[in-house]
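Below: one structure, written as structure tokens.
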Amino acid sequence: MFRATLVVAGFLVASQAHAQNHSDPPGRADLGLATDSLRKLVESGFIPSVSYSVSNRAGIIEEGAFGFADIGQGKKATAFTSYPVASVAKSLTAIAALRAADAGRLDLDRPANSYLGKDSVLVPVGDPRLLTTRALLHMTAGIPHVVRFHWPDEPRDAGLDAPLGHFAAFAPGSQFYYSNQSLGIVGEILSRISGKPFSHYMAESVFKPLGMRNTAVRATEIPSSNRAVAYRDHPARETGFTRLDPEPGAGMYTSAHDLGVLARRVLLDPSSRFLSAESQRALRDFSQYPFYSSGWWKDPFRSNGLTLLADGAAFGHAATMKVLPQEGIAVAVLVNGAVPDGFTMGLCDLLLRAAGFANDVPTNQEIPAEFRDVPIAQDTTWRGTWSGVIRTPGGAVAVRFVFDSTGMRASLADAPLQ
């Protein structure tokens with residue numbers, strides 16, 4: 001993901017590097033050259049549209065969009081157009097959880113099952129008391145990575161509405177493991193303590209108080225006239241995408257303008273009271289894992305300072321927001337086309353450089369060793385043969401897994417293990 005960022009950023013920055021002098025204060029002329037690169041990118045046909053914002057502690061510096069949010073309807077994109085943003089949802093859910101903690105409604109260190117009910121989340125290995133909301137926010141709870149696409153013409157089946165990923169795949173607290181469902185369970189906790197659907201709780205606790213008028217959990221909560229359609233291929237074809245589950249971890253809509261508002265009011269303004277000082281510290285607590293804290297990544301390529309990163313990509317859309325709290329600058333980029341991993345992060349770096357920031361972000365650095373994937377903690381209790389069924393809209397399919405010291409082999413129905 002981050003290797004791709006550097007490639008894209010290097011390519012785009014080269015198109016306007018001649019005009020950028022980092023010894024000079026940032027100016028609109030430099031941003032104009034950068035946004036002109038975004039316009040040319042859309043005109044090339046690579047993506048249907050791009051929407052962006054650049055903000056500081058005082059407000060929005062620059063925002064806009066190029067291309068079409070909906071090609072078929074001829075609707076042009078704007079900075080206020082709502083895009084599906086995939087895993088950026090995690091960052092929004094985490095802020096909502098910290099708001100609940102500030103209100104005294106949520107204890108981050110209380111076991112998750114104390115809110116959801118006994119054995120709602122199974123912990124076959126390890127101490128269930130360590131599966132807390134804080135561990136879920138830091139993705140150290142051992143929850144597996146789950147994602148499910150919804151399509152407008154799909155058949156419905158009661159089995160598909162059952163909770164997914166409600167178990168610890170390894171001992172809670174033992175290591176970081178990226179998981180949509182980890183934040184999905186946080187969303188369930190927020191719904192339980194508020195007595196409201198998750199979408200209503202997010203609107204009342206985060207979106208409305210911040211003035212994020214183009215942000216919602218579900219597409220149906222946003223007028224179609226202000227919603228970007230997800231596309232794939234060249235020339236662009238509609239994906240048919242409607243939403244992702246779990247929504248708290250991967251399924252929300254927002255705009256570049258709203259992300260700029262959130263960055264300024266929650267993360268950049270030192271006088272902000274939207275989160276308490278304790279929650280602000282929790283948001284930047286990287287003690288459990290060097291590069292992830294409470295729904296936000298820490299950019300591993302920033303060697304001289306802190307960059308908070310919200311990033312997401314799925315079928316036909318991608319979004320990134322980068323926030324430099326000490327420097328007081330934030331950028332957001334959203335697109336509605338299929339792009340390589342790290343693509344919108346590269347566009348954010350383009351805007352940051354044009355604004356006179358992120359000078360220490362290298363163009364050819366290896367991913368830090370601490371950021372690379374590591375094997376799940378060795379747990380011999382998993383070894384052996386496991387069998388069961390996978391429920392699909394077409395019926396149940398037998399499945400078999402064999403774990404040993406070298407890895408896993410699997411088979412569907414009567415097929416051989418592979």
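What you are looking at is a predicted structure, and each value in this text was computed from that prediction instead of being measured.
For the 3.5 Å distance criterion, the side chains of Asn336 and Ser49 qualify, holding a donor opposite an acceptor. With no hydrogens or angles considered, no side-chain donor-acceptor pair links Thr35 and Glu62 at under 3.5 Å.
Smallest separation of non-hydrogen atoms from Ala216 and Phe207: CA-CE1, 3.9 Å. Annotation for Thr239 and Gly316: closest pair CG2-CA, 4.1 Å, computed over non-hydrogen atoms. For the pair Ala94 and Leu183, the tightest heavy-atom approach, listed with the atom from each and the gap, is N-CD1, 4.5 Å. Minimum interatomic distance between Pro209 and Ala203 (heavy atoms only, all atoms of both residues): CD-O, 3.7 Å. The two residues Gly187 and Thr93 have their closest heavy-atom pair at N-CG2, 4.3 Å. Nearest heavy-atom pair across Leu334 and Ala319 is CG-CB, 4.0 Å.
Within the 4.5 Å cutoff, the side chain of Leu106 has heavy atoms near those of the Leu190 side chain. Using a 4.5 Å heavy-atom threshold, the side chains of Phe46 and Lys40 count as separate. Taking 4.5 Å as the limit, some side-chain heavy atom of Ile390 sits within range of a side-chain heavy atom of Leu412. By the 4.5 Å heavy-atom criterion applied to side chains, Val146 and Asn180 are not counted as neighbours. At a threshold of 4.5 Å between non-hydrogen side-chain atoms, the residues Pro128 and Asn113 do not count as touching. Pro270 has its side chain within reach of Arg57: a pair of non-hydrogen atoms, C-beta onward, lies under 4.5 Å apart.
Of the possible donor and acceptor atoms, none in the side chain of Ser82 sits under 3.5 Å from a partner among the backbone N and O of Thr215. Remark: the backbone N or O of Ser55 is not paired with any side-chain donor or acceptor of Arg264 at under 3.5 angstrom. Asn226 places a side-chain N or O within donor-acceptor distance of the main-chain N or O of Phe80, the cut-off being under 3.5 Å. Remark: the backbone N or O of Ala282 is paired with a side-chain donor or acceptor of Ser293 at under 3.5 angstrom. In terms of modelled atom types and a separation under 3.5 Å, the side chain of Glu188 and the main chain of Phe198 share no donor-acceptor contact. The closest donor-acceptor contact from the side chain of Asp102 to the backbone of Ser276 lies under 3.5 Å. The main-chain N or O of Ser179 is never found under 3.5 Å from a side-chain atom of Ser182 such that the two would form a donor-acceptor pair. The main-chain N or O of Val333 is never found under 3.5 Å from a side-chain atom of Tyr83 such that the two would form a donor-acceptor pair. No donor-acceptor pair closer than 3.5 Å links the side chain of Ser114 to the backbone N or O of Arg110. Of the possible donor and acceptor atoms, none in the side chain of Thr132 sits under 3.5 Å from a partner among the backbone N and O of Pro111.
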CA sep, side-chain torsions, deciding dist, call: Trp296, Leu267, side-chain contact (heavy atoms from CB on, under 4.5 Å): CA-CA 12 Å; Trp296 292 77; Leu267 301 169; 3.6 Å; yes

Steps toward ring pair (Phe, Tyr, Trp, His ring centres under 6.0 Å) verdict (Tyr177, His145): CA-CA 8 Å; Tyr177 187 78; His145 184 54; 7.6 Å; no

Could you check Leu306 against Phe286 for side-chain contact (heavy atoms from CB on, under 4.5 Å), going step by step and ending with a plain yes or no? CA-CA 11 Å; Leu306 172 66; Phe286 294 94; 4.1 Å; yes

Please determine whether side-chain contact (heavy atoms from CB on, under 4.5 Å) holds for the pair Asn214 and Thr81, giving the CA-CA distance in whole Å, both sets of side-chain angles, and the decisive distance to 0.1 Å. CA-CA 7 Å; Asn214 307 295; Thr81 299; over 6 Å; no

If you apply the rule side-chain contact (heavy atoms from CB on, under 4.5 Å), what do you find for Arg243 with Asp245, and how did you get there? CA-CA 7 Å; Arg243 67 185 180 94; Asp245 275 343; 2.9 Å; yes

Pair Phe68, Tyr231 - check ring pair (Phe, Tyr, Trp, His ring centres under 6.0 Å), show working. CA-CA 11 Å; Phe68 289 92; Tyr231 292 93; 9.8 Å; no

Would you please test His138 and Tyr292 for ring pair (Phe, Tyr, Trp, His ring centres under 6.0 Å) and show each step? CA-CA 6 Å; His138 284 257; Tyr292 197 86; 7.7 Å; no

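Using bins of under 30°, 30° to 60° and over 60° for the plane-to-plane angle, the ring pair His317/Phe241 lands in the tilted bin. Ring pair Phe176/Tyr178 is tilted by interplanar angle, where 30° to 60° counts as tilted.
Counting heavy atoms of neighbouring residues, nucleotides and ligands inside a 6.0 Å radius, atom CD of Glu43 exceeds 12 of them.
Geometrically, Arg99 engages Phe274 in a cation-pi contact defined by less than 6.0 Å to the ring centre and at most 45° from the axis.
The residues Arg265 and Asp269 are annotated as not salt-bridged, no charged nitrogen and carboxylate oxygen being separated by less than 4.0 angstrom.
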